There are 2 protein chains.
Amino acid sequence: MKSKYTTIIDIARQLNISKSTVSRALTGHPNVKEHTRKAVLELANSMEYQRNSLALGFSKHTTNTIGIMVPEFMSTYFPSVIVGVQDVMQAAGYNVVICQQNESYESEVSNMKLLLSYRVDGIIVSHTKETRNFDHFTLAQRRGVPLVFFNRVPDDMNVPNVVVNDYEAAFQAVEHLIAIGRKRIAHLAGPESLVNTRLRRQGYLDALKKHDIPYNPDLVLSYDLTTEKVKIYMKHFLDLATPPDALFAINDPTAIAAMEVVKAKGLRIPEDIAIVGFSNDFSAQLVYPGLTTVAQPTADIGRTAAEMLLQELKAKVKNDYSIKKAPTVQLPTKLIIRESTMVKEKTKKR
Amino acid sequence: MKSKYTTIIDIARQLNISKSTVSRALTGHPNVKEHTRKAVLELANSMEYQRNSLALGFSKHTTNTIGIMVPEFMSTYFPSVIVGVQDVMQAAGYNVVICQQNESYESEVSNMKLLLSYRVDGIIVSHTKETRNFDHFTLAQRRGVPLVFFNRVPDDMNVPNVVVNDYEAAFQAVEHLIAIGRKRIAHLAGPESLVNTRLRRQGYLDALKKHDIPYNPDLVLSYDLTTEKVKIYMKHFLDLATPPDALFAINDPTAIAAMEVVKAKGLRIPEDIAIVGFSNDFSAQLVYPGLTTVAQPTADIGRTAAEMLLQELKAKVKNDYSIKKAPTVQLPTKLIIRESTMVKEKTKKR
DNA sequence: TTTTTCTGTGGGAACGGTTCCAATTTTTTG
DNA sequence: CAAAAAATTGGAACCGTTCCCACAGAAAAA
């Protein structure tokens, strides 16, 4: 069955010239007579010719396409990183294909293989919460496909990455809670597998220490980020003999789910319990009361990751395989204070 | 420069057999001696062989990959449709690549060409708000690449699609506003280019008519869905001599932006103005007060679209090109009533 | 034993494009 | 006007895989 796509051979036959010439005319090679080029371009246009990227990538060993793999996109974090990536990549003449893992390690491995089998030129990644084995990533490296990580970065891979200072941001967030007079600060942490979890918890611990607040293990719980579970953990916190007067949550969905539980119990935010989240998801400003949270420059993260990948791609072409420390870029965060931690001045004045 | 990828030829050479046999062993062709197959699979494994999808697609004229194009993914609507699509497609052994248009017509055309140049087997689409010309879609059809639309469907293309009954849903939403006693119901509509806009407005108009509420053109505005503009339009509504006592918004982001304006003006929701949105975005339950809205079965929409595409792909293989009316599937919506339209019983009782 | 039917394997074309090299044509130069 | 140089074109190899065809050897049937 003849394919319905026009090929350069079709064009060549019609014009009675060789396919080499057609190819040259279409790719803008200088050595084609103006007359010929015009004829080719016109016919190509009228036949709706469209280059076959499969054949091209196959023959050139490069596809001008990069992949981006994200663990999920139900929060606004990853989508807006992606927008930043596309921004830079499109300007550089690259195509971007997006893969979404649904937080499943298995999907991650198969998406990785998919991208490699399509011979993408490079990949930008944030791994799933389940990922503990990084072989599928080193495989890409062995194949000479540059990787750039963001947000969730494997500990022991020497790979370029762009992150925020999770430690510092968490430290500041907790200090803010202390500054408004809270002493029993709970922390709902993420899964141990994520660097972010560990760094943010360390920030939490060190902020407590700096202000001579003893660390209470009862007030720290790790969980797997499935927000249904937040109900259980928050109930646990609130049922303690002396319940916490503040919560630092690993991210905004967690914080928001926690708020539901607090409100359902008839407690007031922030009077009874102040709450801080992380990432400044779109919904953080919508919930009632507005959620104090650490803003991340998502689009910038995407743009920076894309630029780093372009660097890698350029270095690769130049065969610059010098083994050096992979670069890490750290972008600034900003604590956004909203009602969930706002001491009401009015109440005091009256 | 030798590629770093293992090929079947590498394997054939090492085992001193022909590449045909290697190919057969790897693809599970029956005519291979068990002994040979085992040797091939083992060596392939240890050499980390990974089939070259470019070569495969190129040679077989089919890629086992479908594309999905969405206008944006900052709201939760499209991401959750995508999850539904992936669900079905992965089970059917297809890969899914995602393209995002940022509501730009130009991106839509170039993403379409990208997908076609990669010879995807089919495409699921929701077009941008800017799209008025559908040539890039008919091009795909001429190439024999089946399309399935959802949510935003071109008017005059005979193409399979899955939608909700926008008319009916809007009708119900407005009737609900009338039921709680509202008479001056404003409508912030979307751009004229979208079918959804026209259907929902018709639902709005007919609900008014049914309840003998005269149509007031001052209370209906079309806008381009850039939420910054909502401020202008809402101010206009609220500054009318007799301002509206209810708002039916084209979608949830619009409704939520409108709520901001209303609250900033010191008016109460729903007492002064009741508000209804559309789609039941994740944020609809988070805003204060909770937003009444029309829930769409997003994951089902994705799954259904995927199943329809699989049908098309199957029909295509069987060379079943009978020209018939393309199927339309309509999925049910559900009006979710929250505080933004909830008459407070308590207040009455007291 | 001879013929027929399977099995397993190898060889080579095909897919659509790029690219290098050689051949041809055109232009320039002496 | 011939020779040299430059411009333009054609031919063929190549990329990795599938798949059809041919063929050898083994097993089954005659």
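Proteins come first, then strands; the chains are lettered A, B, ... in the order of their sequence lines, and each starts at number 1. No experiment lies behind these values; they were computed from the predicted model shown.
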Problem set entry | Close residues, residues 18-28 of chain B, relative to DNA chain D [heavy-atom separation under 4.0 Å] |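 Per residue number, the list reads Lys19(B), Ser20(B), Ser23(B), Arg24(B), Thr27(B).
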Exercise. Which residues, if any, of residues 49-56 of chain B bring a heavy atom under 4.0 Å of DNA chain D?
Worked result: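 Heavy-atom cutoff 4.0 Å gives Tyr49(B), Arg51(B), Asn52(B), Ala55(B).
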For this session: Anything under 30° is parallel, anything over 60° is perpendicular, the rest tilted; go ahead and classify His136(B) against Tyr105(B).
Result: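 Geometry flag for Tyr105(B) against His136(B): perpendicular rings.
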For this session: Mind telling me whether Phe149(B) and His127(B) have parallel, tilted or perpendicular rings, with 30° and 60° as the class edges?
Result: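 Geometry flag for Phe149(B) against His127(B): perpendicular rings.
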Separation of atom [atom1] in [X] from atom [atom2] in [N], rounded to whole Å:
X	N	atom1	atom2	value
Lys4(B)	dC15(D)	NZ	P	18 Å
Lys38(B)	dG8(C)	NZ	C1'	18 Å
Phe58(A)	dT19(C)	CZ	P	15 Å
Ile8(B)	dG10(C)	CD1	P	12 Å
Leu15(B)	dG8(C)	CG	P	17 Å
Tyr118(B)	dG16(C)	OH	C1'	14 Å
His29(B)	dG10(C)	NE2	P	14 Å
Tyr5(B)	dC15(D)	OH	P	16 Å

Exercise. Taking OP1 and OP2 of dC19(D), is either one under 4.0 Å from a side-chain nitrogen or oxygen of Lys60(B)?
Worked result: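 True: Lys60(B) side-chain N/O within range (under 4.0 Å) of dC19(D) OP1/OP2.
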Exercise. Between Ser59(B) and dC19(D), does any side-chain N or O lie under 4.0 Å from OP1 or OP2?
Worked result: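 So the side-chain polar atoms of Ser59(B) never come under 4.0 Å of the phosphate oxygens OP1 or OP2 of dC19(D).
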Exercise. Do Gln141(B) and Phe134(B) come within less than 4.5 Å of each other through their side chains, counting heavy atoms only?
Worked result: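 Side chain of Gln141(B) against side chain of Phe134(B), heavy atoms only: no contact under 4.5 Å found.
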For this session: Taking the side chain as every heavy atom from C-beta outward, state whether Arg143(B) and Glu48(A) have any pair of such atoms under 4.5 Å apart.
Result: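 Arg143(B) vs Glu48(A): side chains touch.
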For this session: Return yes if a side-chain donor-acceptor contact under 3.5 Å exists between Thr7(A) and Tyr49(A), otherwise no.
Result: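 Result is no, nothing qualifies.
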For this session: Could you say whether Arg119(A) or Thr36(A) is positioned toward the 5' end of DNA chain D, judged by the nucleotide with the nearest heavy atom to each?
Result: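 It is Thr36(A) whose nearest nucleotide is closer to the 5' end.
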Problem set entry | Under-4.0 Å salt bridge between Arg152(B) and Glu72(B) |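 Answer for the salt bridge query: no.
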Problem set entry | Residues, nucleotides or ligands: over 12 heavy atoms within 6.0 Å of Arg24(B) CZ |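 For Arg24(B), atom CZ is crowded (more than 12 foreign heavy atoms under 6.0 Å).
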Exercise. Does any N or O in the side chain of Asn102(A) come within less than 3.5 Å of the main-chain N or O of Ser104(A), such that one atom is a donor and the other an acceptor?
Worked result: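 No.
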Problem set entry | Output field: ring centroids Phe73(B)/Phe78(B) closer than 6.0 Å |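 They do not qualify: ring centres at least 6.0 Å apart.
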Exercise. Among dG17(C), dG8(C), dG10(C), which is the nearest nucleotide to the side chain of Ile17(B)?
Worked result: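 Of dG17(C), dG8(C), dG10(C), dG10(C) is nearest to the side chain of Ile17(B).
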